[in-house]
Amino acid sequence: GFRDEEFFETKKILEENGFKVVVAVKSTNLAFGMLGGAYKPDLPLKRVRLKGYKAVVFVGGVGAKDYFNYAPALRIAKRAYQKKLVIGAICIAPVILAKAGILQGKKATVWY
């Protein structure tokens, strides 16, 4: 349920600029986009450790709602914030950041 353009375009731009992109979701089963794209994730979200990462990006789409109260996603958002990593969230995904408590006192835009 991810938004194809939010995922594929962001991934492409990051990789074109020299970043290694690691894709993590709830499981490593093939993930399907809302517009028909598909991608095989690299690892389950619960196994993500932020050592060596420079940024965390949550993409939107109807599937992002599955992460609003998903403890591993909230933990990653909180830890990334504590470590002062770059944190991005697109479309509906900023709700994850809000649920993690890292948007308090900040202005944010979210589609919902």
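Side chains included, hydrogens not; waters and symmetry mates left out as well; all remaining heavy atoms used.
Scanning for side chain to side chain donor-acceptor pair (under 3.5 Å) contacts around Q82 gives R79, with sequence neighbours left out. Considering only residues two or more places apart in sequence or on other chains, K99 meets the side chain to side chain donor-acceptor pair (under 3.5 Å) condition with none of them. Residues satisfying the side chain to side chain donor-acceptor pair (under 3.5 Å) test with Y81, not counting sequence neighbours, are K106. Checked against side chain to side chain donor-acceptor pair (under 3.5 Å), E5 has the following partners two or more places apart in sequence or in another chain: R3.
Side chain of E6 to backbone of G60: a donor-acceptor contact under 3.5 angstrom is found. The backbone N or O of V23 sits less than 3.5 Å from a side-chain atom of D42, completing a donor-acceptor pair.
Here CZ of F8 is found 8.0 Å from OH of Y39. Values are rounded to the nearest 0.5 Å. F58 contributes atom CZ, which lies 14.0 Å from atom CD1 of I92 (distance to the nearest 0.5 angstrom). One distance of note links CG of L74 with CG of L45; it measures 9.5 Å at 0.5 Å rounding. Summarising the geometry, atom CG belonging to L14 is positioned 11.0 Å from atom CD belonging to E9; distances are rounded to the nearest 0.5 Å.
Heavy-atom minimum distance, P41 versus V25: CG-CG2, 3.3 Å. Closest heavy-atom contact between A64 and V59: CB-O, 3.8 Å. The heavy-atom pair separating V48 from A24 by the smallest distance is CG2-CB, 3.5 Å. When all heavy atoms of F68 and I96 are compared, the closest pair comes out as CD2-CG1, 3.9 Å. The two residues A108 and L103 make their nearest non-hydrogen contact at CB-CD1, 3.9 Å. Taking every heavy atom of both residues into account, L97 and A89 meet most closely at CD1-CB, 3.6 Å.
Pairs passing the side-chain hydrogen bond (donor to acceptor under 3.5 Å, both in side chains) check and including a residue from residues 47-75, sequence neighbours excluded, do not occur. Identified under the side-chain hydrogen bond (donor to acceptor under 3.5 Å, both in side chains) test for residues 13-31, with sequence neighbours left out: K11-E15, S27-N29.
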(message) Test side chain to side chain contact (heavy atoms under 4.5 Å, CB included) on V86 and V56; report intermediate values, then the result.
(response) CA-CA 6 Å; V86 172; V56 172; over 6 Å; no

